[in-house]
2 protein chains.
Amino acid sequence: MAKQAYVELCDEVCTHREILEKVQPEMPDEERLYDLAELFKVFGDTTRIRILYVLFESEMCVCDIAALLNMTQSAISHQLRLLKQARLVRSRREGKTVYYFLDDDHVRTVIGQGMEHISERAGGRKDEKEL
Amino acid sequence: MAKQAYVELCDEVCTHREILEKVQPEMPDEERLYDLAELFKVFGDTTRIRILYVLFESEMCVCDIAALLNMTQSAISHQLRLLKQARLVRSRREGKTVYYFLDDDHVRTVIGQGMEHISERAGGRKDEKEL
DNA sequence: ATAACATATGAACAGTTGTTCATATGTTTG
DNA sequence: CAAACATATGAACAACTGTTCATATGTTAT
């Protein structure tokens with residue numbers, strides 16, 4: 001009922017110390033897991049996803065992205081800052097305008113895998129291997 | 001200042017209709033982009049990331065996950081529901097206990113790529129190709 | 001049927017997040 | 001320098017999210 005002190009697994013029915021001993025050493029540090037979640041949070045917003053998609057095609061300045069996505073310059077600028085902090089985009093200044101572009105290819109892979117995943121939904125996958 | 005009616009790009013300095021015409025047809029439907037962001041939102045939480053990592057090793061019942069992560073059964077159950085709705089995990093009942101396991105391999109790929117991305121941070125990458 | 005256990009779920013509350021608005025910074029041109 | 005333009009940023013507010021608590025559902029054994 002209350003919080004378990006150590007790691008008191010549920011009765012002995014379903015769980016075993018064996019699992020614990022197998023799983024725990026494989027877990028990354030708390031800090032890494034936190035950073036990972038922070039990274040995915042950045043992907044977890046429609047505006048930012050749209051920005052990234054736009055940048056798939058070509059580098060672009062802030063006001064263009066704003067125009068393309070039909071949003072205010074301020075909103076885009078705020079989001080670009082987050083994308084930059086997460087190292088998903090970088091920027092380059094040319095006179096008054098600042099061009100943003102994708103940082104590395106993990107962005108493409110991650111988004112690509114995500115797209116695949118949500119696409120499978122529509123497809124078959126009716127087979128449940130359990131009862 | 002106010003919202004642009006159509007797609008009025010920023011002056012003519014930086015932007016061009018060409019870009020617009022190139023980018024816009026490549027953009028997925030709003031609905032897909034929304035679903036994609038929703039998917040990544042699911043990855044964007046430490047608890048859920050930790051659950052997924054635990055399930056990398058082996059299927060597991062709710063109370064075991066709760067014990068391993070030192071969280072309440074309720075909290076884990078709520079999160080498992082989200083993971084299930086996102087089709088990242090599935091479940092299988094065996095008597096009183098319900099076992100959860102990873103649904104497909106996109107989970108591994110996505111998390112793997114995410115890990116790679118945050119790891120590069122520590123590494124080199126000091127080269128800025130622009131001024 | 002009742003008790004015991006594993007899981008699921010609704011309501012509520014605190015903490016977080018995305019946008020807007022106003023304004024600041026930085027750059028170019030006159 | 002001042003004006004014009006592109007971008008950045010701080011404050012504030014509404015909307016959303018994760019946990020907790022209480023309780024419901026489902027399963028097994030007595």
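Here is how names work: the chains are called A, B, and so on, in the same order as the sequence lines, proteins then strands, and each is numbered from 1.
- When all heavy atoms of A/A86 and A/L39 are compared, the closest pair comes out as O-CD1, 4.2 Å.
- The distance between atom OH of A/Y99 and atom P of C/dT27, rounded to the nearest whole Å, is 15 Å.
- Summarising the geometry, the separation between CD on A/E59 and C1' on D/dA6 is reported as 15 Å, rounded to the nearest angstrom.
- Between B/Q79 and the phosphate of D/dT19, there is a side-chain N or O to OP1/OP2 separation shorter than 4.0 Å.
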Annotated protein contacts, base or backbone, on nucleotides 24-30 of chain D with a non-hydrogen cut-off under 4.0 Å, one of B, S, - each: --BBS--
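- For A/D103 and A/R87, the salt-bridge test fails: no basic side-chain N is under 4.0 Å from an acidic carboxylate O.
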Donor-acceptor pairs under 3.5 angstrom involving side-chain atoms of residues 48-56 of chain B: please list them, not counting sequence neighbours.
from  : atom 1 : to    : atom 2 : distance (Å)
B/R48 : NE     : B/V42 : O      : 2.7
B/R48 : NH1    : B/Q79 : OE1    : 2.8
B/R48 : NH2    : B/K41 : O      : 3.1
B/R50 : NH2    : B/L69 : O      : 3.2

Look for any protein N or O under 3.5 Å of an N or O in nucleotides 9-16 of chain D and output each such pair with its distance, or none.
from   : atom 1 : to    : atom 2 : distance (Å)
D/dT9  : O4     : A/S74 : OG     : 2.7
D/dG10 : O6     : A/H78 : NE2    : 2.8

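- Under the salt bridge (Lys or Arg N to Asp or Glu O under 4.0 Å) criterion, A/R32 pairs with no residue at all, not counting sequence neighbours.
- Not one side-chain nitrogen or oxygen of B/Y100 sits closer than 4.0 Å to the OP1 or OP2 atom of C/dA6.
- In this structure B/R81 satisfies the side-chain hydrogen bond (donor to acceptor under 3.5 Å, both in side chains) test together with B/H78, sequence neighbours excluded.
- B/Y100 meets the ring-ring contact (aromatic ring centres under 6.0 Å, His included) test with no other residue; sequence neighbours excluded.
- A heavy atom lying under 4.0 Å from DNA chain C marks the following residues of residues 42-51 of chain A, by number: A/D45, A/T47, A/R48.
- For B/E94, the side-chain hydrogen bond (donor to acceptor under 3.5 Å, both in side chains) partners are B/R92, not counting sequence neighbours.
- Relative ring orientation between A/F40 and B/F40 is described as parallel, the plane-to-plane angle staying below 30° on a 0-90° scale split at 30° and 60°.
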